[in-house]
Amino acid sequence: MLSAPPRAWALAGWALLPLRLFLGVTFTFAGLQKIANPEFFSKTSSSGVYAQMLQAVRHSPISFLLNHLVEHATLLGWAMALGELAIGVGLLFGLWGRIAAIGGVTIAFSLFLSVSFHTNPYYLGSDLAYALAFTPFVLCGTPVLSLDALIRKRGTTGGADNSQELVVMTMGAVRALCTHAAPNDACSATSGPCDGATCPVLREPKSTLAKRSVDSVGRRQLVVGGAVAAVTAAGAAATAAVVAGVGRVGNSSTPTTTPVTLKPGSNTSNGRRIGKASDVPVGGSATFSLPDGTPGIVLQPTSGTYAAYNAACPHQGCPVDYFKSQNLLVCPCHGSQFNPDNGAVEVGPAVTGLIEYPVTVVDGDLYVKV
Ligand code: FES
């Protein structure tokens, strides 16, 4: 009653095609997008993986682990970008689908633990949903419209031991086919009764032919699968290299924010001194640290006009960046956008605005009231 119906995996494979397409396209795009953005790998960028890990360390339930990993942020960033690309391509083409799905669960669940664990209510965080969306492919792989299916088919039909699939037959059917079947259910090969337990035709292949077949089929699948995987990986690597090159050329001409980090001074009646006003470029921004270590951002959209905010995005805490060309504060993680005049949400998924702090200039120094 609880056993799977006939051809269950194939049916599941067809039913899961829309989800497989979505995850494949999304992860391919996510990987290429990171690879095309040199800021993501930069340790000095407030929108890079390093800044995001520093932010995650403060709140994540696995902060003890992230603490050790944060110094390898650039390496982890590359591993994540290439991993996402491999997972996306694997699902799209149905190549090593189970392994790709296990990778997807691993990345999504790691992001859940490090970035979106405290999202409230929990269903607004996407990482947990992604982790669960990958699990059907861990169970059934990519059995239809896939390179895996093609490799399996080629592996079972391409060699000398033609198809050796196991089939269930009644003894009546065996007798009808067997050349040793004699009248009165007797066996001419054993001179005894026709019996599955003593049948030389049924017993011999079980121990030798079937084993030989499974071994050779496994070898063929491994060789063909390895060759297809190598060609696909080479194609993906070439695409990634081109995208990375184009991204670097494109990014070099569009700096969006300044990496200046202001050095805080002491608290005064004017507020907390965060640094020299002249260090914040006109039309740019600079970062500073709030007393609890959370990043802050101060802008000078036009000469002499300053605004300061808690830079932690209210959605899941990634530090926002100032984009002068669009006159917006933008979160690099999920794209929330905020008005630089008052911190209000322009575009979600964040549902509340940035926390704003009054900022004044006294004798050339910037003070914020936090
Ligand atoms: S952390 Fe998700 S939009 Fe900012």
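Just follow the structure's listing: the first ligand is 1, and inside any ligand the first atom is 1. Just so you know, residue 1 is the first one in the sequence shown, and it goes up from there.
Between Phe134 and Phe27, the ring centre distance stays below 6.0 Å. Here Phe117 and Phe112 bring their ring centres to under 6.0 angstrom of each other.
At a threshold of 2.8 Å, atom 4 (Fe) of ligand 1 has a backbone or side-chain N, O or S atom of Cys331 nearer than that distance. Coordination check, His315 versus atom 4 (Fe) of ligand 1: failed, since every N/O/S atom of the residue sits at 2.8 Å or beyond.
For the pair Leu21/Leu17, no side-chain contact is recorded, criterion being any heavy-atom separation below 4.5 Å from C-beta on.
Near Gln316, meaning under 4.0 Å from any of its heavy atoms, are these atoms of ligand 1: 1 (S).
Judged as a ring pair (Phe, Tyr, Trp, His ring centres under 6.0 Å), and not counting sequence neighbours, Tyr367 has no contacts.
At the shortest separation from atom 3 (S) of ligand 1 among protein heavy atoms lies Ser336 OG, 3.1 Å.
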